[in-house]
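In what follows, chains are A, B, ... by sequence order, proteins preceding strands, each numbered from 1. These figures come from a predicted structure and were not determined experimentally.
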Amino acid sequence: MRDKDTILLIQDLTVGLANDPSAKILDRIGFELSAGKVLGLIGEAGSGKTVLARAIVKGISDPLVYKSGKVVYRGEDMLAVSSEKLVKIRGNSIGYIGSNPSGSLDPTLPVGNQIVEKLRSVNPSLSEKEATERVLEVLAAVRIPSPEVRFHEYPFQFSGGMMQRVMIVDALVTNPAVLIADNITQALDVTVAAQIIRLIKELRDQFSTAILFISSSLPVAEMIADEILVLQQGRVVEKATPEKLIMSPQHDYTKSLLARLPRIWGPEVKAPTAIEASTLMSVDDVYRTYLVRKKNTFNGRNAVQAVRGITLDIREGENIGIVGESGCGKSTLTRLLAWLEIPEKGTICFGGRDLSELSWKELTKLRQSFQLLLQDPYSSLPARMPVGRIIAEGLLIHKVCKKSEVRGRVLAAMKEVGLDPSIENHLTVGLSAGQRQRINIARALVLKPKLMILDETLSALDQVEQSKLFELFEKLQKTHGFTYIFISHDMALVRKVCHRVAVMYLGRIVELADNQTLFQNPAHPYSRALLSAVPTLDDHPFKSEEYLLEGEPPSPVHIPNGCVFRSRCPVSIERCKTDDPRPTPLSHGSYVACHLVVESAVDHAKILENSV
Amino acid sequence: MYLLSFLTRRLFQGAVVLLIVTFAIFTLLRIVPGDPARLIVGGMAPDEVVVQKAEELGLNDPIPIQFVRYLGDLVRGDLGNSFFRPKSGATVGAAAFDDPTRDDRAEVLTLILETIPLTLQLAGLAVVFALIMSFPLGVAAGLNPGKWQDKLAFFTGSLFVSIPNFWLGIVLAQVFSVNLGILPSLGYKGFEYTILPAVVLAIGISPFIIRTLSVSIAQVMQEEFITVAPLRGLRRSRIVGAHAIRNASIPLLNLFGIQLGALLGVLLVVELIFDYPGLGRLTINAVLQRDFPIIQGVAVFISAIFVFINIAVDLAASYIDPRLEY
């Protein structure tokens, strides 16, 4: 039955492959979108989400083909209309936002001009001036600061979050009746993603748009959707309101999806507790600044202050997490810890020896003890080298054993990380991301390191692989006594794995605390904001209405006076404008850099008491 | 401000490059066999005259001193005088001993400035022809990878790249000038004399343009901002015309900067075949006569053009794509 509010009706939509008649990428999909309602659609990678998003607007191309079905927009089948008519609907009445905001506009032209171009393409009656005014108006409506200036800037000058706002403007500038949002928060940091979702909610109320909100994460979709479809291998297996879906899932797939969601809060969550142990690596007040050529000046240089005075002790046998948003200096810190970069100030000691004082030879020898595992399992392995040779590389460089022993050690390491020794002479082509990461681990393992630095090592893997690898890490820790540094933006992972967690903001650690304290009773307002933005189905102690941040971090080129978090801090006081808060030690080696630390900790304890 | 910083930096780099090139050319010409003094005065001249001439021209000084003297002259805009060419323009027979005073010899700078407009006209027309031929083929191939347009572009490119330019020049002259009598092909008396040599040149460079264009268009068409553009409401003509070609033109510009060298090489041959009175013919005659000042002057001049065009190419590229910085 079509109810009168239905704007877009999808019936029996089937998409297959041109060269394989039996393949079905989408299988008899049917649903409807109504004004002012958000329909969520969740599914894992490869379930056909993006194909569906594009199929609705007749945006699929070879080798994908429509097999059957209709997409009815206000009584007209989109798949059957003439291309002249299609141009009038697509981009005009039906807006589309993709998951990769940074790649969605021509990199060589200012964003404003491109939105004007789009607006005038679907609405030729508008003059250049009218279109420009309209674009500026909508840019301001999505709270992009100084829209007149940003209108003339290029896509590469925008952060991911700001660019996603631009793309929202691009979709909404024509006042569409339908908006298709394809995984729009995927590429964004949690606080920015939460801002975007809040923005979409406001816009829905303002414009009464019918929204199809596609996401790979149920907690994200749950925040905004009125109803949720679950997509599995191109088929809708369940449709329900978010509450019903979570409380009483019907389909087995939905149940397994829910079961696999990582838990962050709740009575059954067992967080690792900090251990007291001797210090393995100590980082003392390190700084790293990059000089970047400044455009539009004569020989000018910008000083990007990536890491600004970090002090951190890493204890033997612990898992320490370093979290923070893009651009906070995580990667620079990783490179410093791995001694790929040398701090311009401050010292890093490993096992009591200052790395900067070692000779080149001693350093190479010591490097065996701290190994870096990278994020991207594809680009971090040489494509034309057999697996066994890749793993042997470290042994050959460091000459730790006789040539004749190399193969035995390689095979032992392969076995230990769960790689089939028969792939020793294979190339890495065709191996899964999980297997590739195991090669990376084996490559580090053969050197018998003490410390493993994991730079987003698990973020390229799906949930199942992630937990398997995590088990492996645990096993290796038990047998070899490894210490792990997890550098990550995934709070759920950190919650599950790390004994202690350091929160970074703009090149500094603003809070270092043990897992339980940080997740239950964080001292720094930024930690609270970060936690409040984590999408989860758990009972959230930090309501995003209360803690969510506006805006984005200041640029690391122009570090403001006083507390750097002041510009976004909901509780900043007069003193924060002038005084830069230094880390204040708390119990058990924790510390926090905030003037309000004492008061806020007390206040927060009260809030928790009340809520219990 | 960016422009000023860019130009200062790049012009300085360019000057260094030119200095090195000039020194290399100067030195090479001094160490190849053959005595220029003997060549100037003629084979029949008595030895005293040869010695006297060498002394007069400073050919007996050490090479570094000769080089510094040459640089000083260069700065003053004096590229020296031809060993053989009198101001009248006619070439002096190499064996004759007529001993005109040095002042009567043509100035190299004048010779170059006389011939360069014709060469630039030829090169410019060739580039225009090449673009006219290559753009439809290359863009169509890039938009339809694997289809007949792609194959057509590939075959045309392969064909053009395999035709020897001297042979093509002769055939075109035979057909269009001798058989059909439509276009002239010898010397230069007007604009129409540029057309045939320009076609030969254009066929020489178009395979590279076709290839680069089709590859980079095909690549750009895979980019997200292109695939998502129709969903945003842009029309196909606009997507290709305003965005795909714009983004694909940067590799093309870079190619142009590099291919310039090859173009100059072909230019020499083509000018000789069509007896086109440009820089190429001047150079070849100078090489045959060992007319060092001219060879040197032309080489310095060409490398200067090369350096400046590459600066212009980079500047143009950074205007098209503001992410680029050089």
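A/Asp106 touches chain B through backbone and side chain together, each having a heavy atom under 4.5 Å away. Proximity to chain B (any heavy atom under 4.5 Å) is shown, for A/Gln157, by neither the backbone nor the side chain. Looking at A/Glu153, neither its backbone nor its side chain comes within 4.5 Å of chain B, counting heavy atoms on both sides.
Per-residue heavy-atom pair counts under 4.5 Å with chain A were compared for B/Val228, B/Leu231, B/Leu234, and the maximum is reached by B/Leu231. Top candidate by heavy-atom pairs under 4.5 Å with chain B, chosen from A/Asp170, A/Ile180, A/Thr174, is A/Asp170. Most heavy-atom pairs under 4.5 Å with chain B: of the set A/Ile89, A/Leu109, A/Asn92, this distinction falls to A/Leu109.
Using a 4.5 Å heavy-atom cutoff, the side chains of B/Arg238 and A/Ser121 are not in contact. Put simply, the side chain of A/Ser61 does not reach to within 4.5 Å of the side chain of B/Thr227, judged on heavy atoms.
A distance of 7.5 Å separates CD1 of A/Ile115 from CZ of B/Arg232, quoted to the nearest 0.5 Å.
Checking B/Arg246 against A/Thr108 by side-chain atom types alone, a donor-acceptor pair falls below 3.5 Å.
With respect to A/Glu117 and B/Arg235, no salt bridge is recorded, no charged nitrogen being found less than 4.0 Å from a carboxylate O.
The number of heavy-atom neighbours closer than 6.0 Å to CZ of B/Phe155, taken from other residues, nucleotides and ligands shown, is 12 or below. Other residues, nucleotides and ligands place more than 12 heavy atoms under 6.0 Å from the CZ atom of A/Arg150. No more than 12 heavy atoms of other residues, nucleotides or ligands sit less than 6.0 Å from atom CZ of B/Phe154.
A pairwise comparison of heavy atoms in B/Glu224 and A/Ser104 identifies OE2-OG, 4.3 Å as the closest pair.
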